[in-house]
Amino acid sequence: MKNKYDVLVIGGGPAGALAAKTAVEKGLSACIVEKRPAIGAPVRCAEGIGKEALLEFIEPDPRWISAEMTGAGIVAPDGFFMKLESAMAGSKVGYVLDRKFFDRELVWKAAEAGADVAVKSRAAAPIMENGFVKGAKISAGGKVTDVKAEVVIAADGVESKFSKWCGIDTTVPVREIMSSVQYVMTDIDIDPHSTIFYLGNEVAPEGYLWIFPKGNRTANVGIGISGKKSGEGHRAKDYLDRFVKKTFPDGKTIEYIPGGVSVCRPLDCTVADGFLITGDAARVVDPLTGGGIYNAMFTGRLAAEVAADCIGKGDVSKKCLMVYDKAWRASKMGKAIERNYHIKEYLIKQPDTKLNEIIHSVSNLNLKEFSTINLIKEIIRVNPKLVLELGALAASIR
């Protein structure tokens, strides 16, 4: 790690890796600073991503793909099972990744392109000069070193502290933090090529429970519930344990992963003087699904592209860097986040009886191409009353 770079990236996840790789491909010097001793561990993700979404950034590799999904299923609160067959899903639902290897692959590609990488190195504080972020104080090996940079990119995840230290309000309301727990389970009976989602206030209040296969008889089995619903005897782990005991009584848990996911709107502004915020740190997780891998890679790459352009102009002020904030909000991803936030807010207020009605209504749907938005469109089509309940949002979706 040198004492100065064009771009300093805080965090070695997908957002940070794409930011650093893109920066060096644009002719800049870049360094990834990762607080953990190993890239990709611990995994705090259900690990699912759509096939086309992945292909936008990298070719799939069997080394870090645990399973290929060709179908999906939704279980209503009353137990009714709606199956989306592979033909309905266009045979291209997605992959379940092995993030321990996937994240390392992304960082390796950044390193191969020319980026420096420093693990077990913590950004302890920003370096500020006349209101501009000019680097970070990096703590590593018992020493603190000043590392200067033209632009700093925060990619330090949902628990991001660096942005707050730079004066950005990163507070997430308790009701919009999804309290999550995931088990990696083996020796369980599952469809190895279908993701399953369970809905209902008895199963996962204001959230959902998932089964994401990672091969034959092995899967990520997890849950996310509203933070405001979490309490003694009603924690995410309590709900998950009850489900596992009932559904997989003989299954074996080989990994336990607690965590949290923001399902709020993104930060009001993801830019400051000399500073850009990406991925989960920017709160760009899909509020409806909790998925964030694609959004992290998208914003990481875009942030570096804008940083390179502004550095080339000799202007890294907030005004110049605002191109980034405006661009991702105007993108398909940004619009989907805003739309899905409103859909999420609607759904979490519905009683189980309403959720049952909605899922039963689309039990025989036939989608040419499976996606969250296509599923929502079909739900609205066969439930005309939802047009009134969703108001202007329904019109924008249709």
Side-chain angles (χ1 to χ4, degrees), residues 43 45-55 60 62 64-99 102 180-200 203-204 207-224 239-240 243-244 246-255 257 286 288-294 347 355-356 358-379:
V43 173
C45 174
E47 303 180 291
I49 187 171
K51 290 184 179 180
E52 291 184 349
L54 181 69
L55 283 168
W64 40 259
I65 291 177
S66 294
E68 183 174 346
M69 298 297 101
T70 56
I74 299 174
V75 181
D78 64 2
F80 175 78
F81 182 73
M82 182 182 78
K83 176 69 173 177
L84 297 171
E85 299 288 357
S86 58
M88 297 180 187
S91 300
K92 55 180 179 180
V93 172
Y95 299 110
V96 176
L97 307 176
D98 187 327
R99 286 287 302 273
F102 176 70
S180 304
V181 173
Q182 179 172 273
Y183 298 152
V184 179
M185 298 193 69
T186 190
D187 202 18
I188 55 177
D189 290 324
I190 57 168
D191 178 345
H193 299 293
S194 292
T195 54
I196 309 296
F197 302 88
Y198 291 77
L199 303 179
V203 177
Y208 66 92
L209 189 149
W210 64 83
I211 299 173
F212 280 21
K214 288 178 71 71
N216 291 326
R217 299 185 62 76
T218 301
N220 289 331
V221 182
I223 188 172
Y239 285 98
L240 184 59
F243 174 84
V244 166
K246 177 182 177 181
T247 311
F248 302 123
D250 299 320
K252 300 172 181 65
T253 299
I254 59 175
E255 195 168 348
I257 308 163
D286 187 314
L288 182 61
T289 67
I293 300 174
Y294 172 85
L347 289 175
L355 294 176
N356 288 331
I358 290 172
I359 295 171
H360 280 268
S361 72
V362 290
S363 59
N364 294 317
L365 63 78
N366 188 359
L367 297 179
K368 292 181 179 179
E369 181 177 339
F370 177 77
S371 68
T372 302
I373 187 58
N374 284 343
L375 179 58
I376 295 296
K377 285 180 179 179
E378 185 67 11
I379 288 173

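Both backbone and side-chain heavy atoms feed into the values below; hydrogens, waters and symmetry mates do not. None of the values given here were measured: they were computed from a predicted structure.
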Evaluate Thr247 against Val221 for side-chain contact (heavy atoms from CB on, under 4.5 Å), listing each step before the verdict. CA-CA 11 Å; Thr247 311; Val221 182; over 6 Å; no

Kindly give the heavy-atom pair with the smallest separation between [X] and [Y], and that separation in Å.
X	Y	result
Thr186	Thr218	OG1-OG1, 3.1 Å
Ile190	Gly215	CD1-O, 3.7 Å
Pro192	Ala67	O-CB, 4.1 Å
Ser180	Gly224	OG-CA, 3.8 Å
Pro60	Tyr95	CG-OH, 3.7 Å
Lys51	Met69	CE-O, 4.1 Å

Pairwise distance [atom1]([X]) to [atom2]([Y]) - rounded to 0.5 angstrom:
X	Y	atom1	atom2	answer
Leu347	Leu355	CG	CG	6.5 Å
Ile188	Asn216	CD1	CG	11.0 Å
Ile196	Lys83	CD1	NZ	5.0 Å
Leu199	Asp78	CG	CG	11.0 Å
Ile211	Thr195	CD1	OG1	10.0 Å
Leu55	Ile49	CG	CD1	9.5 Å

Side chain Asn220, main chain Ala46, donor-acceptor under 3.5 Å: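 Yes; judged by distance alone, with no hydrogens or angles, the pair exists.
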
Please answer whether the main-chain N or O of Val96 pairs with a side-chain N or O of Glu47 as donor and acceptor at a distance below 3.5 Å. no

I'd like to know whether Tyr183 forms a side-chain contact (heavy atoms from CB on, under 4.5 Å) with Leu240, so could you lay out the CA-CA distance, the side-chain angles of the two residues, the decisive distance to 0.1 Å, and finally the verdict. CA-CA 9 Å; Tyr183 298 152; Leu240 184 59; 3.7 Å; yes

Checking side-chain contact (heavy atoms from CB on, under 4.5 Å) for the pair Tyr198/Ile223: CA distance, chi angles, key distance, verdict? CA-CA 9 Å; Tyr198 291 77; Ile223 188 172; over 6 Å; no

Where does the angle between the aromatic ring planes of Phe243 and Phe248 fall among parallel (under 30°), tilted (30 to 60°) and perpendicular (over 60°)? perpendicular

Could you go through the side-chain contact (heavy atoms from CB on, under 4.5 Å) check for Ile254 and Met185 one step at a time? CA-CA 6 Å; Ile254 59 175; Met185 298 193 69; over 6 Å; no

